[in-house]
2 protein chains.
Amino acid sequence: MNLKELAATLNLSQTTVSRALNGYPEVREETRARVLAAAKAANYAPNSRARRLATGRAMTIGHVIPLTGRAEMVNPIFADFLIGAGEVYAREGYDLLLSMVTDGDSEAAFRQIAANGSVDGVMVQAPQITDPRIGLLQELDLPFLVHGRTGDARGYSWLDIANIRAFRRATDFLLDLGHRRIALLNGQEGFDFAQRRRRGFEEALAARGLCPLPHLMANDAMTEGFGYLSAAAMLDGPEPPTAFLASSVIIAIGIRRACGERGLRMGRDISVICHDDELSYLNNDVGGPAFTATRSSIRAAGRRCAEILIDLIRDPDQPPVQELWETDLTVGRSTGPCPAA
Amino acid sequence: MNLKELAATLNLSQTTVSRALNGYPEVREETRARVLAAAKAANYAPNSRARRLATGRAMTIGHVIPLTGRAEMVNPIFADFLIGAGEVYAREGYDLLLSMVTDGDSEAAFRQIAANGSVDGVMVQAPQITDPRIGLLQELDLPFLVHGRTGDARGYSWLDIANIRAFRRATDFLLDLGHRRIALLNGQEGFDFAQRRRRGFEEALAARGLCPLPHLMANDAMTEGFGYLSAAAMLDGPEPPTAFLASSVIIAIGIRRACGERGLRMGRDISVICHDDELSYLNNDVGGPAFTATRSSIRAAGRRCAEILIDLIRDPDQPPVQELWETDLTVGRSTGPCPAA
DNA sequence: CACCACACCCAAAGCGCTTTGGGTTGGCGA
DNA sequence: TCGCCAACCCAAAGCGCTTTGGGTGTGGTG
């Protein structure tokens, strides 16, 4: 069933039927009701391909996920973000186009997307410290929103959490408990957020005249395995840490495994703080907060990012929108005073 | 830049340019080369909206994710599946349309999708025991593939793992180690896979004349919190289990936490087997297999499912494709002989 | 009564591509 | 020389919708 046929059965023109369905005022309420009833009866829905061609809008937002082979890190985070964003897209009538791109083909993918007009805007996640995507999207004149930020952040729209403050606060928390040998298990160095978190960590140490200990710092994709291996190595090595600061609950779970194997009790023998993205299946609060954590819902971020991006699409000429979210610090059972040496 | 303009600059007709770009034989190689060069130079890509309207194909595959409010369970699994499928889609030139649907609106969403022709086929994940989606998609005559299966599985295409055999084998493994009080922490009862896994578990017990113990069985969304709370309650209750069988690594991580808090050493004081979907950020092999596990890569499943679905779309009249994958059993450090009572 | 505004409705022109159904040319065999 | 077949290329007709630019009839106003 298409518009033409529907119009024919109603003895109306396509124009009128189209207008009735799309809520234009030029049609009598009675007629509109008749059209809507007929459409429903015939199970008619306008063909989205035709509609998109006619309107010139794709009503679609693109998320481009780089598959870097190893940096699966995006994975757990991006899923929850996606769900948050997807909720809003659904509500606002936008489709979500997901592109998996083998790393390096990212630029080609964006150019393609821009040239063939399959989306009205794109979401950029996990920006690198120098990230070609931002300049490219500006050049392509495609509305976009960055989750996170990087470089000179004044020229584009983004939403980010206050990483430096969060990690500075977390470090202070450990320092206040008397810890001095604090390990930082961070995400891959190339990511802007990892750099910021490290800065927060270092600033807190510096404020008390302390220096970060190189053998207690590690960067990699934020997997459980990374947390486990690094923690194990550090705990078994010289000058082991008395506390860990981890960039993700997933890393912290690996740390917990390493501690468990060594008979170390979290919160007593060893302290762990992590950043909690509030992943839905790793709820930190079940049974009382397990980990002391800075927290900020990645899903909520996804929702808000989607809202902003849709705004940007509807009114592309507005000035950049920038939102910085503070994080909460939840005290859990994974931290305690530094045991006397 | 559009086809018309490109054709004009080349002094060729739209027809010829289109054919040159799409690899039709009716155009001289020399002309084709000239066209391709010009297209590249002008950074031309055919408008996907127009192309879709003209061809009648959406070149898009839909994944519909039900948001059941609490059943976040789909979440960790679906992300890896999505990545696997997405790789194949990208390779084959298909787009991936992701729809988040609040539970219950599922039917409306499918009808909508079918009526407006925005996809050429859909992927169905995590089927319930009685799942209206399958009948609906058959009625709508939309190509689809089910990851998992349910009901009378002969009439449609699916890919599934041998859940019953996997869990029977895992249970046997524990029984062989002397365990008799084995707890089963399973996914939500409504899901077909959960039912099958339970059957495997019960069959193994029955084969040795044993009965499942109701107080040692729990079903819920497969979160870390569920694993933790159930394990804690069981361990602290009467007749605690000496072994756990968990439907997911994520649950097993919760079990590990509960054990850790109670000073129970996995593999010695308590045994744990889980099913490992090989989630990329929870690699069970890092540092030697942590958990004894039945395993099957969800990402590989995603890839294969995508291939099958694309096949189905290209040739809709072929008989149903059905694939059953066996799982591996990896012995890790989380299991050991049942400690003497 | 003429005029205008308004409410309703319509025909037709796109949107940018693919594809049908020819045309035109050049070469080759008869 | 003619006819015919490839090899190339083209004009134009869709695909199914939105939207422009009127048309028609009714009621109110001067």
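Side-chain atoms are counted along with the backbone in the values below, which use heavy atoms only and exclude waters and symmetry mates. Source: prediction; values computed, not measured. Proteins get letters first, then strands, A, B, ... in listed order; numbering begins at 1 in each.
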5'-most by nearest nucleotide on DNA chain D - B/E26 or B/A50:
B/E26
Give one of base, sugar-phosphate or nothing for A/S48, where a contact means two heavy atoms less than 4.0 Å apart.
nothing
Atom CE of A/M1 and atom C1' of D/dC17 are separated, to the nearest Å, by 15 Å
Quick check on D/dT18: is either OP1 or OP2 less than 4.0 Å from any side-chain nitrogen or oxygen of A/S18?
yes
Tell me which of B/P25 and A/R51 sits closer to the 5' end of DNA chain D, going by the nucleotide each one is nearest to.
B/P25
In whole Å, I'd like the distance from the CZ atom of B/R49 to the C1' atom of D/dT18.
13 Å
Determine the contact category for A/N11: base if any of its heavy atoms lies under 4.0 Å from a base atom, sugar-phosphate if only primed atoms, P, OP1 or OP2 are that close, otherwise nothing.
sugar-phosphate
Reckon B/R28 has a side-chain N or O less than 4.0 Å from the OP1 or OP2 of D/dA7?
no
Report the distance from atom NZ of A/K4 to atom P of C/dC10, rounded to the nearest whole Å.
15 Å
If only side-chain N and O atoms of A/Y24 are considered, is one of them under 4.0 Å from the OP1 or OP2 phosphate oxygen of D/dT19?
yes
Can you confirm whether more than 12 heavy atoms, excluding those of B/D141, are under 6.0 Å from its CG atom?
no
So which protein N/O to nucleotides 21-28 of chain C N/O distances come out below 3.5 Å?
none

If the cut-off is 4.0 Å, is A/S13 near the phosphate of C/dC9, judged by side-chain N/O to OP1 or OP2?
no
Can you tell me how far C1' of D/dC8 sits from CG of B/L10, to the nearest Å?
15 Å
Apply the test side-chain contact (heavy atoms from CB on, under 4.5 Å) to residues B/I83 and A/F78: give CA-CA distance (whole Å), side-chain angles for both, the deciding distance (0.1 Å), then the verdict.
CA-CA 11 Å; B/I83 290 191; A/F78 100 85; 3.8 Å; yes
Please report, rounded to the nearest Å, how far the P atom of C/dC15 is from the CD atom of A/Q14.
17 Å
B/R149 with B/E323: basic N within carboxylate O range, under 4.0 Å:
no
Closest to the A/A54 side chain, choosing from C/dT18, C/dG14, D/dC10:
C/dG14
Whole-Å distance between C/dC10 C1' and A/L3 CG?
14 Å
Could you note down all residue pairs passing ring-ring contact (aromatic ring centres under 6.0 Å, His included) where residues 83-103 of chain B supplies at least one of them, sequence neighbours left out?
B/H63-B/Y89
So does A/N116 get a backbone contact from the side chain of B/S48, meaning a donor-acceptor N/O pair under 3.5 Å?
yes
Looking at B/N22, I'd like to know whether one of its side-chain N or O atoms comes within less than 4.0 Å of OP1 or OP2 on C/dT18.
yes
I'd like to know if A/R91 pairs up with A/E87 as an ion pair, taking the criterion as any Lys NZ or Arg NE/NH1/NH2 lying under 4.0 Å from an Asp or Glu carboxylate oxygen.
no
Between B/E307 and B/R303, is the closest basic N to carboxylate O distance under 4.0 Å?
no
Nucleotide D/dG16, atom C1' - distance to CD of A/E5 in whole Å
10 Å
Checking C/dC17, C/dC10, D/dC17 against the side chain of B/Y44 (C-beta onward), the nearest is C/dC17
Provide the closest heavy-atom pair for A/M59 versus A/D120 in the form atom of the first, atom of the second, distance.
N-OD2, 2.6 Å
Could you give the CG-to-P distance, from B/L53 to C/dC17, as a whole number of Å?
12 Å
